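Since the structure comes first, as structure tokens, the remarks are kept for the end.
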There are 2 protein chains.
Amino acid sequence: METLLRRIDKQIAASGGKRSKSRAQIIEAFFRSDTHLTVDELTRYVRRSNRCIGSATVYRTLKLLVRHGYAKELDFGEGAKRYESNLSAHHDHLICRKCGEVSEFKEPQIESLQERVAKKHGFTPTTHRLDIYGYCHGCVPGDLREDGA
Amino acid sequence: METLLRRIDKQIAASGGKRSKSRAQIIEAFFRSDTHLTVDELTRYVRRSNRCIGSATVYRTLKLLVRHGYAKELDFGEGAKRYESNLSAHHDHLICRKCGEVSEFKEPQIESLQERVAKKHGFTPTTHRLDIYGYCHGCVPGDLREDGA
DNA sequence: TTGGCTGCAAAACGTTTGCATGTCT
DNA sequence: AGACATGCAAACGTTTTGCAGCCAA
């Protein structure tokens, strides 16, 4: 964590930026929380330790993290975008239509599938996003349950 | 097309709605254009035949189509959402990061992959969205080309 | 005649930007 | 000192909503 912050600071400095206390607090809170946060949620969270941080700075900081490859923008169609750390290996998402829970999964076969599809269309893929929508274990509606309950 | 409009009208009537000229024009324009339109684009398009249609009605009509399963909401991160017909078989998208072109593809294997992943996580899938980002044939940047040009 | 549908304008929402001020180097 | 970062508030673009009038059933 310490090292990570240091590394990000270095990279920002290398591209002509300066470090700042607010930004460090935002970045730390972001990686500490390790979920899919909206700007609003992250702002509220980081404000608990520093009341005067404005959401504009949170927007700016997250954009910075995205630009440098440390964060990823997500959109599950809720209106506001969500952000997640981009440090761990690539994964995709399962989104529950009822409770909104978002869980992650890894499926290596998707990469090869992506390559195959792209090649067939003369396309050079860089990334993909696979979102599976449905119902999580606790939210399956009765008329979809196998036991017919 | 005639039949389709008729069918949609019936379904709307069945759920307590009434038909209207504006809505019919919007729906017809939507299915006729058969691309991924924003509300703004569709509004401008349909206004060519009827100057007084407001975009609020276009928003309301597209929501209606989505609710009844005739249209699908897309979001490629451009700010405004896009909509596509949901009449043809399911397909996914290739999005060019440079020129913005969106093309479609079908890959049956994705369905089985979806089932497999979901089952592993106690999840009941209904749909998915797979967007592959990269560069289309004409937009491949030099430093990604195989011929090293 | 009732109630949904309309266009318009205003409001709401997430996000970006301009600016004066503060902070890092 | 100089340049970048900040918080605030205003501006922005998209989407929703309130409303008075219209139109279909």
Side-chain angles (χ1 to χ4, degrees), chain A residues 5-6 8-30 36-68 71 73-83, chain B residues 5-6 8-30 36-44 46-68 71-83:
Chain A
L5 263 172
R6 203 79 54 90
I8 296 178
D9 273 346
K10 239 177 213 162
Q11 203 168 331
I12 288 173
S15 61
K18 285 173 185 164
R19 50 166 283 109
S20 94
K21 198 173 172 191
S22 303
R23 192 158 62 199
Q25 290 176 316
I26 294 167
I27 293 177
E28 215 216 298
F30 174 66
H36 311 106
L37 293 171
T38 57
V39 167
D40 192 60
E41 286 162 358
L42 181 54
T43 303
R44 274 206 292 268
Y45 180 42
V46 78
R47 276 217 188 136
R48 293 216 289 256
S49 16
N50 180 345
R51 199 62 53 83
C52 342
I53 286 183
S55 59
T57 304
V58 178
Y59 276 105
R60 287 189 272 233
T61 302
L62 285 174
K63 265 218 147 80
L64 204 62
L65 290 179
V66 170
R67 191 169 344 124
H68 286 86
E73 218 179 73
L74 308 174
D75 188 325
F76 300 130
E78 308 162 294
K81 292 197 172 68
R82 292 187 173 275
Y83 293 83
Chain B
L5 263 172
R6 202 80 53 90
I8 296 178
D9 273 347
K10 237 175 214 161
Q11 202 168 331
I12 289 173
S15 61
K18 287 172 183 167
R19 50 166 282 109
S20 95
K21 199 175 172 191
S22 302
R23 193 159 62 199
Q25 291 177 314
I26 295 167
I27 294 177
E28 216 215 297
F30 174 67
H36 311 108
L37 294 171
T38 56
V39 168
D40 192 61
E41 285 162 359
L42 181 53
T43 303
R44 274 206 291 269
V46 79
R47 276 215 187 138
R48 293 216 289 259
S49 16
N50 181 345
R51 199 62 53 82
C52 341
I53 286 183
S55 59
T57 304
V58 178
Y59 276 105
R60 288 189 272 233
T61 301
L62 284 175
K63 266 217 145 82
L64 204 63
L65 289 179
V66 169
R67 191 169 345 125
H68 286 86
K72 233 183 197 161
E73 218 179 73
L74 308 175
D75 189 324
F76 301 129
E78 308 163 294
K81 292 198 173 65
R82 292 187 172 275
Y83 293 83

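Below, all heavy atoms of this structure are taken into account, side chains as well, without hydrogens, waters or symmetry copies. Values in this document were obtained by computation on a predicted structure and should not be read as measured data.
- Against DNA chain D, the stretch residues 57-65 of chain B makes heavy-atom approaches under 4.0 Å through B:Tyr59, B:Arg60, B:Lys63.
- With sequence neighbours excluded, the residues satisfying side chain to side chain contact (heavy atoms under 4.5 Å, CB included) with A:Thr38 are A:Asp40, A:Glu41, A:Ala80, A:Arg82.
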Distance-only criterion, 3.5 Å: show the donor-acceptor pairs between side-chain atoms of residues 54-65 of chain A and protein atoms not counting sequence neighbours.
residue	atom	partner	partner atom	Å
A:Thr61	OG1	A:Thr57	O	2.8

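- If one axis is set at each end of the helix from C:dT1-D:dA25 to C:dT25-D:dA1 from five pairs, those axes are 30° apart, to 10°.
- For the pair A:Ile12 and A:Arg23, the minimum side-chain heavy-atom distance is below 4.5 Å.
- Taking all atoms of both residues into account, the shortest heavy-atom contact from B:Lys72 to B:Val66 is N-CG2, 4.4 Å.
- Atom CG in A:Leu74 sits about 12 Å away from atom P in C:dT15, given to the nearest Å.
- A heavy-atom distance below 4.5 Å is not found between the side chains of A:Phe30 and A:Val46.
- In terms of the side chain to side chain donor-acceptor pair (under 3.5 Å) criterion, A:Glu73 has no residue partners (sequence neighbours excluded).
- You'll find the side chain of A:His68 stays beyond 4.5 Å of the side chain of A:Ile8, heavy atoms only.
- Rounded to the nearest 0.5 angstrom, A:Thr43 OG1 and A:Arg48 CZ are separated by 12.5 Å.
- For the side chain to side chain donor-acceptor pair (under 3.5 Å) test, no residue two or more places apart in sequence or in another chain qualifies with A:Asp75.
- For A:Phe76, the ring-ring contact (aromatic ring centres under 6.0 Å, His included) criterion is met by A:His93, not counting sequence neighbours.
- Within the 4.0 angstrom heavy-atom criterion, base atoms lie near A:Ala56.
- The stretch residues 36-53 of chain A has no heavy atom under 4.0 angstrom from DNA chain C at all.
- We find the CG-CD distance between A:Asn50 and A:Gln25 to be 4.5 Å, quoted to the nearest 0.5 Å.
- Only A:Lys18, A:Arg19, listed by number, bring a heavy atom of residues 9-21 of chain A to less than 4.0 angstrom from any atom of DNA chain C.
- Note that the first and last nucleotides of DNA chain D, 5' to 3', having any atom under 4.0 angstrom from a heavy atom of chain B are D:dT14 to D:dA25.
- In this structure A:Arg19 satisfies the salt bridge (charged side-chain N to carboxylate O under 4.0 Å, His left out) test together with A:Asp9, sequence neighbours excluded.
- Nearest heavy-atom pair across A:Ala24 and A:Leu5 is O-CD2, 4.2 Å.
- When the side chain to side chain donor-acceptor pair (under 3.5 Å) test is applied to B:Lys81, no partner is found at least two apart in sequence or on another chain.
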